[in-house]
Amino acid sequence: MAQFVDWDLAAATAGALAKTGPAVSLDEATQVVSELRALTDEAAGHVAEYTGLAPQVEVPPVRVVDRRDWAKVNIAGLRQVIGPLVSRLSGDKQPGTFADAIGSRVTGVQAGTILAYLSGRVLGQYEVFSADPGQLLLNAPNIVEVERKINADSRDFRLWVCLHEVTHRTQFTAVPWMRGYFLGEVQAFVDASQDTSHILERLRRGVATLSDALRDPESRVSVLDIVQTPGQKAVLDRLTALMTLLEGHAEFVMDGVGPEVIPSVESIRSKFNRRRETGNPLEKAVRRLLGVEVKMRQYAEGRKFVHGVVERVGMTGFNKIFTSPLSLPRLEELGDPDAWVARVHS
């Protein structure tokens, strides 16, 4: 099979470049892991009661990781998804040139650089690539680092993070078709290329673009630069609508549950929002390039959409959104809850 990324080298690079976490003793680290596991279980009860959504499949236990482990899990997931796509596009041709071999190593270093950066930013994630139905990851060093920086009550902050991430886990375990739909859209993005003979090179350039931005704060390019066909744009619109819904739903739930179970939630939300909006010029450039700035807008836009729908038809009426892919909001409906209600509830 053609080699697009040297994944072993990507993992080694991510491990070497990932920053060390905040200083904690062994006893403190053990306590953090134990509490995060307990708070995940507590959050699951709150989320189920508030949303009315119950898992329809067996829910894997939460996995508390450090930054290097987070990168390893994501590399394993990307390897499982990208490998078969590359195989199909290349017709299972073996890499036959020295240039191909060097290219995969260069891309491996670049991918590892990107994941090393992200490993120091992500608090939690429901990772769906590596296993069915997915697995919940909590990045303990980042959670501790942020709670210290914003001077938050540690238990309150950790439960707040768990509410958000457990909502994502609920979205995929209470809606069994969600993972298949998401992975199908990723496949559709590749299928929509009008020139599959050059898509690997465009993807490789896209990875290089992201890696270069880590060193060039003046960069104005975007990951969207690799989207070159109308078909790919249509798929991207559907993925954008889906991710905005899922992020907005998680924000809506954590804000709905938070005041009832987290005494300092207002202070945490205010401080955390300020943290999201700040950063040095390099960090802002990288956030924009990696799509983190888009994700920030998704939080606000998605939360507003979910609030608007729940206000009109209640939580049970909102949950019709998870009936099938046809019930998901279209991109243009995210700013118009009435349009979604009219289409789905009519």
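Just the heavy atoms: all of them, side chains too, but no hydrogens, waters or symmetry mates, feed the values below. In this text the structure is predicted, and so the values were computed from the model without any measurement.
Judged as a side chain to side chain donor-acceptor pair (under 3.5 Å), and not counting sequence neighbours, the contacts of E147 are R158. Listed by chain and residue number, nothing satisfies the side-chain contact (heavy atoms from CB on, under 4.5 Å) test with D41 (two or more places apart in sequence, or in another chain). Applying the side chain to side chain donor-acceptor pair (under 3.5 Å) test to W70 and every residue at least two apart in sequence or in another chain returns Q125. E28 meets the side chain to side chain donor-acceptor pair (under 3.5 Å) test with S25; sequence neighbours excluded. The side chain to side chain donor-acceptor pair (under 3.5 Å) search around S346 returns none, not counting sequence neighbours. The side-chain contact (heavy atoms from CB on, under 4.5 Å) test applied to T30 returns L26, not counting sequence neighbours. For the side-chain contact (heavy atoms from CB on, under 4.5 Å) test, residues two or more places apart in sequence or in another chain that qualify with V310 are F252, V306, M315, F318. Not counting sequence neighbours, Y50 has no partner by the ring-ring contact (aromatic ring centres under 6.0 Å, His included) test.
The stretch residues 336-346 participates, sequence neighbours left out, in these salt bridge (charged side-chain N to carboxylate O under 4.0 Å, His left out) pairs: R312-D338, E333-R343. Residues in residues 175-186 take part in these side chain to side chain donor-acceptor pair (under 3.5 Å) pairs, two or more places apart or across chains: E185-R238. Screening residues 47-56 for salt bridge (charged side-chain N to carboxylate O under 4.0 Å, His left out) gives no qualifying pairs among residues at least two apart or on separate chains.
Annotation for Q56 and P176: closest pair CB-CG, 3.7 Å, computed over non-hydrogen atoms. Here the closest non-hydrogen pair linking A111 and V5 is CB-CG1, 4.4 Å. Smallest separation of non-hydrogen atoms from P22 and R148: CB-NH1, 3.6 Å. The shortest heavy-atom contact between F305 and P329 is CZ-CB, 3.8 Å.
The closest side-chain heavy-atom distance from D255 to R303 is below 4.5 Å. Between V32 and V24 the shortest side-chain heavy-atom distance does not fall below 4.5 Å. Using a 4.5 Å heavy-atom threshold, the side chains of L53 and N319 count as touching.
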For R79 and D8, what are the C-alpha separation, side-chain angles and deciding distance, and is it a salt bridge (charged side-chain N to carboxylate O under 4.0 Å, His left out)?
CA-CA 10 Å; R79 190 173 196 164; D8 293 334; 3.3 Å; yes
Could you give me the CA-CA distance, side-chain angles and deciding distance for L9 and V109, then say whether side-chain contact (heavy atoms from CB on, under 4.5 Å) is met?
CA-CA 6 Å; L9 184 56; V109 171; 3.6 Å; yes
Can you list the steps and then say if D6 with T107 is a side-chain contact (heavy atoms from CB on, under 4.5 Å)?
CA-CA 7 Å; D6 186 329; T107 309; over 6 Å; no
In sequence, state the C-alpha distance, the side-chain angles, and the governing distance for L246 and M178, and then conclude on side-chain contact (heavy atoms from CB on, under 4.5 Å).
CA-CA 11 Å; L246 298 183; M178 186 66 74; 4.2 Å; yes
side-chain contact (heavy atoms from CB on, under 4.5 Å) between V57 and F172, intermediate numbers included:
CA-CA 9 Å; V57 297; F172 282 86; over 6 Å; no
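Test L39, T40, V161 against V166 for side-chain contact (heavy atoms from CB on, under 4.5 Å) and you get one pass: T40.
The structure places OG1 of T13 at 11.0 Å from CD1 of I114, a figure rounded to the nearest 0.5 Å. Put simply, CG on L159 and NE2 on H164 are 13.5 Å apart, with the number rounded to the nearest 0.5 Å. The CG atom of L334 sits 10.0 Å away from the CG atom of L242 when rounded to the nearest 0.5 Å. For the atom pair OG1 (T173) and CG (D132), the distance works out to 11.0 Å, reported to the nearest 0.5 Å. Note: I321 CD1 to H249 NE2 = 8.5 Å, rounded to the nearest 0.5 Å. Note that SG of C162 and NE2 of H46 are 10.5 Å apart. Values are rounded to the nearest 0.5 Å.
Using a distance-only test at 3.5 Å, with no hydrogens or angles considered, a donor-acceptor pair links the side chain of T323 to the main chain of K320.
Ring geometry, W160 versus F272: the interplanar angle exceeds 60°, so the pair is classed perpendicular (tilted spans 30 to 60°).
The existence of a salt bridge linking R269 and E251 is confirmed by a sub-4.0 Å separation between a basic side-chain nitrogen and an acidic carboxylate oxygen.
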Donor-acceptor contacts under 3.5 Å from residues 133-143 side chains, at least two apart:
residue: Q135; atom: NE2; partner: S130; partner atom: OG; Å: 3.3
residue: N139; atom: ND2; partner: S119; partner atom: O; Å: 3.1
residue: N139; atom: ND2; partner: V122; partner atom: O; Å: 3.4
residue: N142; atom: OD1; partner: R67; partner atom: NE; Å: 2.6
residue: N142; atom: OD1; partner: R67; partner atom: NH2; Å: 2.8
residue: N142; atom: ND2; partner: S119; partner atom: O; Å: 2.8
residue: N142; atom: ND2; partner: V122; partner atom: O; Å: 2.7

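Residue-environment remark: CD (E266) stays at or below the threshold of 12 foreign heavy atoms within 6.0 Å.
Neither L17 nor V65 shares a network with the other; the hydrophobic side chains, linked directly or stepwise wherever heavy atoms of I, L, V, M, F, W or Y lie under 4.5 Å apart, form separate groups for each. Tracing side-chain contacts under 4.5 Å through hydrophobic residues (I, L, V, M, F, W, Y), one never reaches V59 starting from L163; they form parts of separate clusters.
At a cut-off of 3.5 Å, with distance as the only test, a side-chain donor of Q171 or H168 sits close to an acceptor on the other residue. No hydrogens or angles considered: a donor-acceptor pair under 3.5 Å links the side chains of D156 and S264.
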